[in-house]
Amino acid sequence: MERRSAERRAWPRGPAHLLVLCALLAACEATGPEPPGQEAPRVPLREVAAQREVRIGIGAAAGRYFGATTGLGVKYNQVLAREFNVLTPENDMKHERLQPSRGVFDFTRADAMVEFAEQQGMKVRGHTLVWHNQNASWLADRSWTAEEAAALLDEHVTTVVGRYRGRVAAWDVVNEAVDDRGVLRPTPWAGGAGRSYIEQAFRAARAADPDALLFYNDYSLEWPGPKQDSVFALLRDLRERGVPVDGIGFQGHFEVGGGTPSRHALRVAFDRFAALGLRVHVTELDIRVPVPATAGSLQTQAQNYRDVFEVCAQTPACDMVVTWGFTDLDSWVPGHFPGKGAALLFDASIEPKPAYWAVHDLLSGM
Ligand code: G3I
């Protein structure tokens, strides 16, 4: 409690800013600025958002340090709860985790995340029900007839969404169904038969939880091209036929500078899908830089982060930005992009980076 009230009193900037403000305001004399090298108390992002009545959710994916009780794991869980008001399981709601053997479900970690989110007043974005990747080997390593696949899909979606009925605000129902050329990917869920599995997944999810928002989620939709066109056509068709798709998730895996879409491109992309009546979420934001990062690349990254949050906040249909992890201590980026990393808001010691302060400044000014 003492820490929280200290944070509420605190200035939302680092020590240099404090010195300037404190020179002007006698009220600072009671506590004074932070000594150099010590973390300045700060108003957490979610509290700034609450104070300013910011209408977008600010989330993070929780990864392998979730629930850890030693070392930096303790800080990880404190910061996750303190800074964010939305939680997405990075891996713990994927098929291989939830249904490791056929018909045998393991909800241990997923339950813990949902309970943690509820205790901390966070919404949950469920990720992900139907994907071609990270499926249990019993599903992935053989072929299924269309009838078999449809029954398996129904069982999985109904069981998982039903378990969290009323507790998960939004689901990534179908993830990455289309490749970079705009062509439907092979997936065990299709059972060798076209794309009807997509419609089936949304209908099953709606039946299992009528109140959850149902999303199609994918990457590289932020730029115009065949993939964006193909997903647009897919979702337009689903909407026209009354299939319950509520939203589009723009994953937002970017590279600093030119590898981040311009504000204009983002606006155009968000508006294009919003015109179908879809809600927009940024679901997996990270902005990688060449490592070791430089002060310059971290400043550009900060501006890129600010742009994404700002365009979402300015788009009526966009009401959530979730980063894919929140600390460079635990990110998928270095393992998948050699020579790249430092993609998140907090550094590997879980201290805020310039990108954090850029988002903080943006929210503070809203
Ligand atoms: O769980 C095993 C562990 O038992 C084993 O010891 C270890 C050894 O490598 O691997 C662990 O599995 C890893 C898993 O993450 C959990 O940490 C996999 O190797 C690794 O490939 C897997 O990577 C995940 C990736 O999806 C798989 O495609 C990343 O953590 C996860 O961040 C990433 O997330 C995806 C989204 O779901 C969809 N959009 C793209 C995004 C980034 O790829």
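Values in this document were obtained by computation on a predicted structure and should not be read as measured data. Because only heavy atoms are used, hydrogens play no part in the values below, and waters and symmetry mates are left out as well, while side chains stay in. Both ligands and their constituent atoms are indexed starting at 1 by order of listing.
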What does the N/O contact table under 3.5 Å look like for ligand 1?
residue, atom, partner, partner atom, Å
ligand 1, 1 (O), Arg97, NH2, 3.3
ligand 1, 26 (O), Lys94, NZ, 3.3
ligand 1, 26 (O), Gln134, OE1, 3.3
ligand 1, 28 (O), Asn133, ND2, 3.1
ligand 1, 30 (O), Glu90, OE2, 3.3
ligand 1, 30 (O), Asn91, ND2, 3.0
ligand 1, 32 (O), Glu90, OE2, 2.4
ligand 1, 32 (O), Trp324, NE1, 2.9
ligand 1, 34 (O), Lys94, NZ, 3.4
ligand 1, 34 (O), Trp324, NE1, 3.2
ligand 1, 37 (O), Lys94, NZ, 2.6
ligand 1, 37 (O), His127, NE2, 2.7
ligand 1, 39 (N), Glu176, OE2, 2.9
ligand 1, 39 (N), Gln251, OE1, 3.1
ligand 1, 39 (N), Gln251, NE2, 3.4
ligand 1, 39 (N), Glu284, OE1, 2.7
ligand 1, 39 (N), Glu284, OE2, 3.4

> Is the distance between the ring centroids of Phe66 and Tyr76 less than 6.0 Å?
Replying inline: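 No, the ring centres sit 6.0 Å or more apart.
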>> Whether the Gln99 and Asn135 side chains hold a donor-acceptor pair (N or O, under 3.5 Å, no angle test) is what I'd like checked.
In response: no
> Is Trp332 isolated, or which residues cluster with it under the ILVMFWY side-chain rule of less than 4.5 Å, directly or via members?
Replying inline: Trp324, Val333, Phe337
>> Does Tyr65 form a side-chain contact (heavy atoms from CB on, under 4.5 Å) with Leu329? I'd like the steps, not just the answer.
In response: CA-CA 9 Å; Tyr65 286 92; Leu329 179 66; 3.8 Å; yes
>> With side-chain hydrogen bond (donor to acceptor under 3.5 Å, both in side chains) as the criterion, how do Thr300 and Ser297 come out once you've worked through the C-alpha distance, each side chain's angles and the decisive distance to 0.1 Å?
In response: CA-CA 5 Å; Thr300 308; Ser297 65; over 6 Å; no
>> How close do His127 and Met93 get, counting heavy atoms only, and between which atoms?
In response: O-CB, 3.2 Å
